[in-house]
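Written below as structure tokens is the structure these notes are about.
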There are 2 protein chains.
Amino acid sequence: MGTSLKDIAETLNLSKTTVSWVLSGRADEKGISAATQQRVSRCAQRLNYRPNLLARSLNTGESGMIGLILPSISDSFYSQVAREVEMEVEEHGYSLMICSSESEPERENRMIRLFRAKQVDGLIIAPTVRSGEEIRRLVDESFPFVVFDRRFPKLDTHCVLIDNERSSYALVRRLTEDGFRRIAVITTNPHLETMDARRAGYGRALADSGIAFDESLYGEVEFAGYERNLPGVLDRIFARDEGVDGFFFTTHILALEAFRYFHDRGVDINDGYGLACIHEVPFMSVLAPGMHVARMPVGRIGRESVRMLLEDMRRRKSAGEVPPAETVELECELCFRG
Amino acid sequence: MGTSLKDIAETLNLSKTTVSWVLSGRADEKGISAATQQRVSRCAQRLNYRPNLLARSLNTGESGMIGLILPSISDSFYSQVAREVEMEVEEHGYSLMICSSESEPERENRMIRLFRAKQVDGLIIAPTVRSGEEIRRLVDESFPFVVFDRRFPKLDTHCVLIDNERSSYALVRRLTEDGFRRIAVITTNPHLETMDARRAGYGRALADSGIAFDESLYGEVEFAGYERNLPGVLDRIFARDEGVDGFFFTTHILALEAFRYFHDRGVDINDGYGLACIHEVPFMSVLAPGMHVARMPVGRIGRESVRMLLEDMRRRKSAGEVPPAETVELECELCFRG
DNA sequence: CTGAAAGCGCTTACAG
DNA sequence: CTGAAAGCGCTTACAG
């Protein structure tokens with residue numbers, strides 16, 4: 001293919017060693033004469049030399065790559081985080097490989113295996129559902145990785161979360177203060193700790209407002225194909241309870257689909273309903289100007305994840321120790337409207 | 001680190017060759033005894049062997065990786081294409097690395113260099129602006145790659161586009177048939193062939209409808225920071241021309257930002273204005289139920305790009321030829337509303 | 001049926 | 001100041 005170290009060495013009648021020293025910037029340190037350095041650099045330039053990073057990695061045992069696994073690459077929350085992670089990782093001289101598990105545990109396992117086979121130095125994962133076997137293996141083999149958005153209670157891993165319970169509490173509390181009494185909660189993936197905490201925050205807010213939890217206002221949407229499943233759930237809530245006057249959505253994707261539902265049925269959701277949602281996406285404020293939202297700190301989530309991962313990697317290398325698992329819980333910014 | 005071929009070979013008193021044959025599934029072909037095969041597989045399992053793909057790639061000269069470079073990873077169009085590309089690439093036994101150029105030519109150059117240094121087998125790129133030096137180099141060195149969404153007229157590259165002029169024509173034609181006469185065009189990045197074709201379609205539609213092009217209805221938004229720039233452009237159009245009764249947006253991101261503009265000013269854009277836009281995003285139909293859209297065939301764009309790339313790679317390998325550059329122009333699905 | 005050997009393109013002690 | 005040699009973990013002619 002392209003030019004290799006050997007080509008340069010042969011052209012100049014030098015050893016690969018010397019060429020390698022120069023090109024990796026360790027020439028002065030190794031006391032290579034300025035003249036030789038010149039010759040090597042010039043020749044490399046002329047032959048348009050580009051080092052083969054695979055070969056280098058094979059040697060050093062470090063690929064300089066971080067892998068990022070997302071449940072969905074087109075979800076606005078994850079793609080925003082991806083952007084932050086990419087920037088941050090680059091800042092530290094690493095490069096990022098992104099791929100998507102499509103929320104399928106088996107795919108996630110495959111991706112983890114693939115990344116490891118490609119020798120990434122560390123992994124950042126927003127896990128699909130429960131801890132799959134590959135994640136467990138990461139822990140067992142103490143491979144450097146950080147989990148965000150979702151946590152495994154059973155596994156001791158680095159973890160970046162948001163204050164799910166607190167934010168949910170604050171949002172729903174605000175709805176009750178606005179005077180809404182029959183507030184439905186629309187949620188999904190209830191087995192995830194993250195989602196459970198949001199539902200719990202809703203429950204506590206009702207309780208503190210002296211409102212009894214009403215089973216008929218609980219809407220749980222099957223995650224796979226939630227677009228298709230949501231209308232049925234909402235239909236059922238309306239059928240069972242005509243007095244519903246508010247909605248708390250535990251995640252933006254459900255709120256957005258709900259807007260479509262109301263729109264399709266000609267209902268003006270902005271009129272007379274109290275609305276609240278975890279995570280804001282760009283056009284929510286246009287779709288539902290009165291909705292209270294808890295803004296996820298996407299920038300900090302991305303940056304914290306990278307920070308934790310690199311810090312972990314650094315400590316392993318320098319001290320040889322495996323750092324204890326750390327959990328960071330970031331605050332959402334609460335935006336109350338109207 | 002982990003287990004290597006050598007470990008297995010030593011454990012079993014076999015050569016690395018034999019182990020390699022077995023583990024790469026070429027044992028029968030090489031006539032390795034069933035007994036030996038068993039022993040090797042068992043041992044690999046027991047030691048939890050995972051091949052180092054870097055080492056393999058260094059040997060074979062093929063990494064099995066395709067690189068995808070997007071202007072923005074959080075834009076819904078690109079992230080949808082990314083998803084399709086990832087699926088399609090995987091289907092063919094490759095894996096995908098995604099990264100974002102953030103619409104910065106220098107970043108794009110860096111990404112291309114990085115991908116090549118990592119020995120990707122091929123590249124799919126939605127280029128930033130004009131042909132950067134690294135893209136020119138891809139052509140010069142005849143590295144396998146496909147460009148989509150945007151094209152370089154000067155460079156002979158594989159290319160997947162949509163029928164920009166035709167779709168734009170049809171959308172604007174429909175607006176004039178709906179009775180709108182003073183239709184503004186809101187566009188950006190006018191130097192891109194893609195955008196120019198859309199503006200041209202607008203112009204031809206007006207002409208065919210017997211409407212003279214009016215400079216004061218032309219709104220060009222500086223791309224960098226378009227969110228901040230759009231309001232000024234719209235303000236100017238309204239200031240210069242009170243009779244404006246329609247908008248053709250050459251891309252979804254401008255339409256979305258315009259919704260925010262109208263919303264902030266308390267204008268109901270769905271009442272009295274003719275609207276049309278290239279590319280549909282999920283909640284457009286809720287935000288502007290009456291807007292005509294040309295749906296980009298994201299699935300086909302992704303799949304065609306992969307198909308062209310793999311086909312090119314295949315032909316190089318088998319025939320040793322460099323296949324001539326191919327351009328595919330895909331049709332948008334036109335959705336007329338109301 | 002199995003193995004010794006060379007090589008992919010680098011890096012890095014070690015030696016002089 | 002520079003080089004010969006071994007090695008990273010694989011694959012693959014070639015030989016027997």
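Chain naming here is simple, since letters A, B, ... match the order of the sequence lines and numbering starts at 1 in each. Please read these numbers as outputs of a predicted model, since none were measured by experiment.
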Using whole Å, report how far CG of B/L58 lies from P of D/dT12.
12 Å
Could you name each residue pair satisfying salt bridge (charged side-chain N to carboxylate O under 4.0 Å, His left out) that touches residues 96-105 of chain A, not counting sequence neighbours?
A/E102-B/R83
Please identify each residue that fulfils side-chain contact (heavy atoms from CB on, under 4.5 Å) with A/N59, with sequence neighbours left out.
none
A/R42: which residues meet the salt bridge (charged side-chain N to carboxylate O under 4.0 Å, His left out) condition with it, sequence neighbours left out?
none
If you assign A/T36 and A/K16 each to the DNA chain D nucleotide with the nearest heavy atom, which residue ends up on the more 5' nucleotide?
A/T36
With a 4.0 Å cutoff (strictly under), does any side-chain N or O of B/S33 reach OP1 or OP2 of C/dT2?
yes
If you measure from the P atom in C/dC1 to the same atom in D/dT12, how many Å do you get, rounded?
22 Å
Checking side-chain contact (heavy atoms from CB on, under 4.5 Å) for the pair B/E90/A/R107: CA distance, chi angles, key distance, verdict?
CA-CA 11 Å; B/E90 251 179 60; A/R107 249 185 91 87; 2.9 Å; yes
Partner residues of A/R151 under the salt bridge (charged side-chain N to carboxylate O under 4.0 Å, His left out) criterion, sequence neighbours left out:
A/E193
With A/T11, which residues qualify under side chain to side chain donor-acceptor pair (under 3.5 Å), at least two apart?
none
Rounded off to whole Å, could you give me the CG-to-C1' distance for the A/D7 and C/dC10 pair?
13 Å
Do any side-chain nitrogens or oxygens of A/S4 fall under 4.0 Å of OP1 or OP2 in C/dG9?
no
Using a 3.5 Å limit on both distances, find every run of at least three consecutive Watson-Crick or G-U pairs that involves DNA chain D.
C:1-3 with D:14-16, C:5-12 with D:5-12, C:14-16 with D:1-3
Whole-Å distance, B/Q37 CD to C/dT2 P, equals 9 Å
Results of salt bridge (charged side-chain N to carboxylate O under 4.0 Å, His left out) for B/R303 - residues two or more places apart only:
B/E84
Check whether any side-chain N or O of B/S15 sits under 4.0 Å from OP1 or OP2 of C/dT2, and answer yes or no.
no
Write out all pairs satisfying ring-ring contact (aromatic ring centres under 6.0 Å, His included) with one or both partners inside residues 101-123 of chain A, taking only residues at least two apart or from two chains.
none
I need the full list of ring-ring contact (aromatic ring centres under 6.0 Å, His included) pairs touching residues 38-95 of chain B, with sequence neighbours left out, sorted by first then second residue.
B/F77-B/H279
Considering only heavy atoms, which members of residues 40-53 of chain A lie under 4.0 Å from some atom of DNA chain D?
none
Taking everything shown except B/Q45 itself, do over 12 heavy atoms lie less than 6.0 Å from its CD?
no
For C/dC10 and A/T60 - does any side-chain N or O of the residue sit under 4.0 Å from the phosphate oxygens OP1/OP2?
no
What pairs meet the salt bridge (charged side-chain N to carboxylate O under 4.0 Å, His left out) rule with one or both residues in residues 50-70 of chain A, with sequence neighbours excluded?
A/R50-B/E134, A/E62-A/K317
Under 3.5 Å, which N/O atoms of the protein pair with N/O atoms of nucleotides 14-16 of chain D?
none

